[in-house]
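Here's the structure, in structure tokens; my notes come after.
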Amino acid sequence: MSFKSIAIAADHAGYDLKSKLAEELRASGYEVLDLGTGDATTSVDYPDFGKAVAEAVAGGKAEAGVVVCGTGIGISIAANRHPGIRAALCHDETSARLCREHNDANVLALGARLIGEVVAKDCLHTFLKTEFAGDRHTRRVEKLG
């Protein structure tokens, strides 16, 4: 495992998938910092949860993050507004692998209304096991900072 501690959060639309992913992480031996939301029935604002994960990762409380909303778009935008965060919205294993290899992404964003649980878990495991390739990608990632 390249990461040991994972911060995870979702809005109401992503709650069910977030809960399943948090359970999967714990079963795989990761330390999980669950930053909410606490249920799928109370409408909440995705920027609050993207911010919470971004602050946890940037502040060193977790080594990586996972954010989930209906499409994954809004929560990834929210997370990316924070310095040092490279949140990548992924829809399959290839995008999960490449965002780590080429972009050194430190937050995985998923859309609960767009992908199923199996694909989400595949993305999660691929994201967490893939190392940054470095080399020519380093100078590009540095330009993102």
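Worth knowing before you read on, the calculation uses all heavy atoms, side chains too, and leaves out hydrogens, waters and symmetry mates.
Around atom OH of Tyr46, no more than 12 heavy atoms belonging to other residues, nucleotides or ligands sit under 6.0 Å away.
Linking Ile, Leu, Val, Met, Phe, Trp and Tyr residues whenever their side-chain heavy atoms come within less than 4.5 Å places Leu124 and Val32 in a single cluster.
The OH atom of Tyr30 sits 4.0 Å away from atom CG of Leu128, with the distance rounded to the nearest 0.5 Å. The NE2 atom of His125 sits 12.0 Å away from atom OG1 of Thr130, with the distance rounded to the nearest 0.5 Å. Put simply, CG on Leu110 and NZ on Lys121 are 12.5 Å apart, with the number rounded to the nearest 0.5 Å. Between atom CZ of residue Arg97 and atom CZ of residue Phe127 there is a gap of 14.0 Å, rounded to the nearest 0.5 Å. Put simply, CG on Leu33 and CD1 on Ile8 are 10.0 Å apart, with the number rounded to the nearest 0.5 Å. Interatomic distance, Cys99 SG to Leu108 CG, rounded to the nearest 0.5 Å: 6.5 Å.
For Ala40, the side-chain contact (heavy atoms from CB on, under 4.5 Å) partners are Tyr15, Asp16, not counting sequence neighbours. With sequence neighbours excluded, no residue forms a side-chain hydrogen bond (donor to acceptor under 3.5 Å, both in side chains) with Glu31. Checked against ring pair (Phe, Tyr, Trp, His ring centres under 6.0 Å), His102 has the following partners two or more places apart in sequence or in another chain: His137. Under the rule for a side-chain hydrogen bond (donor to acceptor under 3.5 Å, both in side chains), Glu23 has no partner lying at least two apart in sequence or in another chain. In this structure His91 satisfies the side-chain hydrogen bond (donor to acceptor under 3.5 Å, both in side chains) test with no other residue, sequence neighbours excluded. Applying the salt bridge (charged side-chain N to carboxylate O under 4.0 Å, His left out) criterion to Arg140, with sequence neighbours excluded, gives no partner residue. Applying the side-chain contact (heavy atoms from CB on, under 4.5 Å) criterion to Asp92, with sequence neighbours excluded, gives Thr94, Ser95. Applying the salt bridge (charged side-chain N to carboxylate O under 4.0 Å, His left out) test to Glu93 and every residue at least two apart in sequence or in another chain returns nothing.
The hydrophobic cluster containing Val118, built from Ile/Leu/Val/Met/Phe/Trp/Tyr side-chain heavy atoms closer than 4.5 Å, comprises no other residue.
Across Ala120 and Leu17, no two heavy atoms sit closer than the pair CB-CD1, 3.7 Å. Taking all atoms of both residues into account, the shortest heavy-atom contact from Ser76 to Ala87 is O-CB, 4.0 Å.
Within the structure, the side-chain hydrogen bond (donor to acceptor under 3.5 Å, both in side chains) test picks out the following pairs touching residues 77-89 (sequence neighbours left out): Arg86-Asp104. Sorted by first and then second residue, the side-chain hydrogen bond (donor to acceptor under 3.5 Å, both in side chains) pairs involving residues 33-43 (not counting sequence neighbours) are Lys18-Asp34, Asp39-Thr41, Asp39-Thr42.
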Practice problem: Would you please test Glu24 and Lys20 for salt bridge (Lys or Arg N to Asp or Glu O under 4.0 Å) and show each step? | Solution: CA-CA 6 Å; Glu24 181 80 5; Lys20 291 172 184 171; over 6 Å; no
Quiz item: How far apart are the C-alpha atoms of Phe132 and Asn103, what are their side-chain angles, what is the distance that settles it, and do they pass the side-chain contact (heavy atoms from CB on, under 4.5 Å) test?
Solution: CA-CA 7 Å; Phe132 177 50; Asn103 310 113; over 6 Å; no
Self-check item: Criterion side-chain contact (heavy atoms from CB on, under 4.5 Å) on Phe49 and Ile75, from CA distance to verdict
Solution: CA-CA 7 Å; Phe49 297 94; Ile75 205 162; 4.1 Å; yes
Side-chain donor/acceptor pairs under 3.5 Å, residues 50-72, sequence neighbours excluded:
| residue | atom | partner | partner atom | Å |
| --- | --- | --- | --- | --- |
| Glu63 | OE1 | Lys4 | N | 2.4 |
| Glu63 | OE1 | Ser5 | N | 3.4 |
| Thr71 | OG1 | Ile73 | N | 3.1 |

